[in-house]
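Note that this is a predicted model, so its numbers are computed, not measured. Letters go in sequence order (proteins before strands), and every chain restarts at 1.
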Amino acid sequence: MPELPEVETVRDGLARHVVGARVREVEVLRDYSVRRHDGGPEAFASAMEGATLAASARRGKYLWLPLTPPSPVAAPVETTRQRAAGAAATRPTAGTALLAHLGMSGQLLVRDGRDPWVHPHLRVRLHLEDAPTGATALDFVDQRTFGHLSVADLVPTPDGAPGGLGTDEPAVPGPVAHIARDLLDPVVAPGTPGRAALVAAIRRRRTVVKRALLDQTLVSGVGNIYADEALWRARLHYARATDALRPTDVARVLDAAEEVMREALAVGGTSFDALYVNVNGESGYFARGLAAYGREGEPCPRCGTPIRREAFMNRSSHFCPRCQRRR
DNA sequence: ACTGCGTCCTGGGGGC
DNA sequence: TGCCCCCAGGACGCAG
């Protein structure tokens with residue numbers, strides 16, 4: 001499934017293959033895939049058609065492609081979280097963007113044939129013209145349909161810093177406003193005030209460390225797999241209480257999460273070009289790099305103790321019972 | 001305000 | 001062989 005490194009690989013690929021292209025026509029094959037767009041599939045299509053994809057940006061696992069000229073979009077329905085964050089009333093628009101989340105099985109595939117293959121799980125197809133490398137379509141393929149596309153208005157970032165990687169604009173799509181910056185974002189780089197604030201925010205939470213790592217309002221882009229890997233590297237049990245952790249423990253697990261994701265990015269970073277028409281974000285990293293996730297019963301690479309799997313948050317947690325003591 | 005849980009969806013694969 | 005059910009996951013809405 002696409003995790004942050006895979007999404008970043010896709011973002012980079014889109015920057016080179018579809019930024020600058022104009023959307024000629026939109027086919028929505030599965031309405032559910034545009035459920036987050038206010039006004040439904042027809043409104044989504046009309047908001048996209050004729051627009052040029054102007055950039056390729058990412059925060060956490062959200063991707064967005066700013067549109068020029070900005071599309072008129074219906075007044076967005078505020079989510080509970082956005083209302084709680086006070087982002088509601090005064091929300092000056094800074095343009096619009098195609099917003100994408102790949103969910104757990106989503107792919108963005110660049111096609112360049114006149115009659116490109118229709119994948120059995122094709123949900124949305126954007127027909128393109130004038131793409132920089134000759135692409136004729138951008139396909140959203142998604143087996144389990146947890147992913148989605150929408151056109152959203154851009155809102156300014158509170159801190160005035162760029163909204164995410166791949167953009168200099170201090171703006172993010174409205175639905176991303178409550179999503180925290182991710183560990184590849186310069187604003188929370190090691191040694192910055194942003195990173196220190198993140199460590200403090202995690203320790204203020206009254207929860208357990210894995211839940212905090214998965215909380216997108218604290219730090220984004222860490223999913224179940226990388227949470228387990230980061231905790232293994234930091235030698236922390238997933239159920240350790242955040243408010244009982246030392247600052248160095250929290251800093252260590254964040255460093256580990258960043259490290260794992262950067263390694264995966266380095267390994268998987270060539271997949272876009274290598275596959276080109278099969279831009280699925282599958283890095284080769286999963287096959288060999290994982291120490292804990294999905295390795296129940298197999299030896300811990302550090303001490304040889306069998307990796308254990310336990311249910312947590314209706315998910316699985318993988319850990320070494322010797323290296324990662326609960327206390 | 002903050003924390004935690006149920007829900008959405010699909011098809012591969014395990015169990016019977 | 002066939003069928004059924006479970007399971008995987010991110011993020012949101014809502015209950016407490």
Lys/Arg cation over aromatic Tyr32(A): Arg35(A), 6.0 Å, 45° cone: yes

Taking any heavy-atom pair under 4.0 Å as a contact, classify Ser105(A): base, sugar-phosphate, or nothing. nothing

What's the closest nucleotide to the side chain of Phe146(A) if the choices are dG6(B), dC9(B), dT3(B)? dC9(B)

Testing dC12(C), dG6(B), dG11(B) for proximity to the side chain of His178(A), the answer is dC12(C)

If you only use heavy atoms from C-beta on, which nucleotide in dG10(C), dT3(B), dC9(B) is closest to the side chain of Thr145(A)? dC9(B)

Do any side-chain nitrogens or oxygens of Arg211(A) fall under 4.0 Å of OP1 or OP2 in dG4(B)? yes

Computed from five pairs at either end and rounded to 10 degrees, the angle between the axes of the helix from dC2(B)-dG16(C) to dC16(B)-dG2(C) is 60°

Polar side chain donor-acceptor pair, His178(A) to Thr217(A), under 3.5 angstrom: no

Check this one for me: any side-chain N or O of His148(A) less than 4.0 Å away from OP1 or OP2 of dA11(C)? no

Would you mind telling me which of dA8(C), dA11(C), dG10(C) lies closest to the side-chain atoms of Gln216(A)? dA11(C)

Reckon His101(A) has a side-chain N or O less than 4.0 Å from the OP1 or OP2 of dA11(C)? yes

Could you check whether Tyr62(A) gets within reach of a base, just the sugar-phosphate, or nothing at all, counting any heavy atom under 4.0 Å? sugar-phosphate

Do Arg30(A) and Asp142(A) sit within salt-bridge range, that is, some charged N less than 4.0 Å from a carboxylate O? no

Picking from dC9(B), dC12(C), dG10(C), which would you name as closest to the side chain of Ile179(A)? dC12(C)

OP1 or OP2 of dG4(B) under 4.0 Å from side-chain N/O of Thr207(A): yes

Have a look at Tyr62(A) and tell me which of Leu99(A), Asp182(A), Val172(A), Leu102(A) forms a side chain to side chain contact (heavy atoms under 4.5 Å, CB included) with it. Leu99(A)

Is a donor-acceptor pair below 3.5 Å formed from side chain Arg144(A) to base dA8(C), judging by atom type as modelled? yes

How about Arg322(A): does its CZ atom have over 12 heavy atoms from other parts shown lying under 6.0 Å from it? no

Can you tell me if Arg308(A) has over 12 outside heavy atoms packed within less than 6.0 Å of its CZ? no

Would one find a side-chain N or O of Arg30(A) under 4.0 angstrom from OP1 or OP2 of dT10(B)? yes

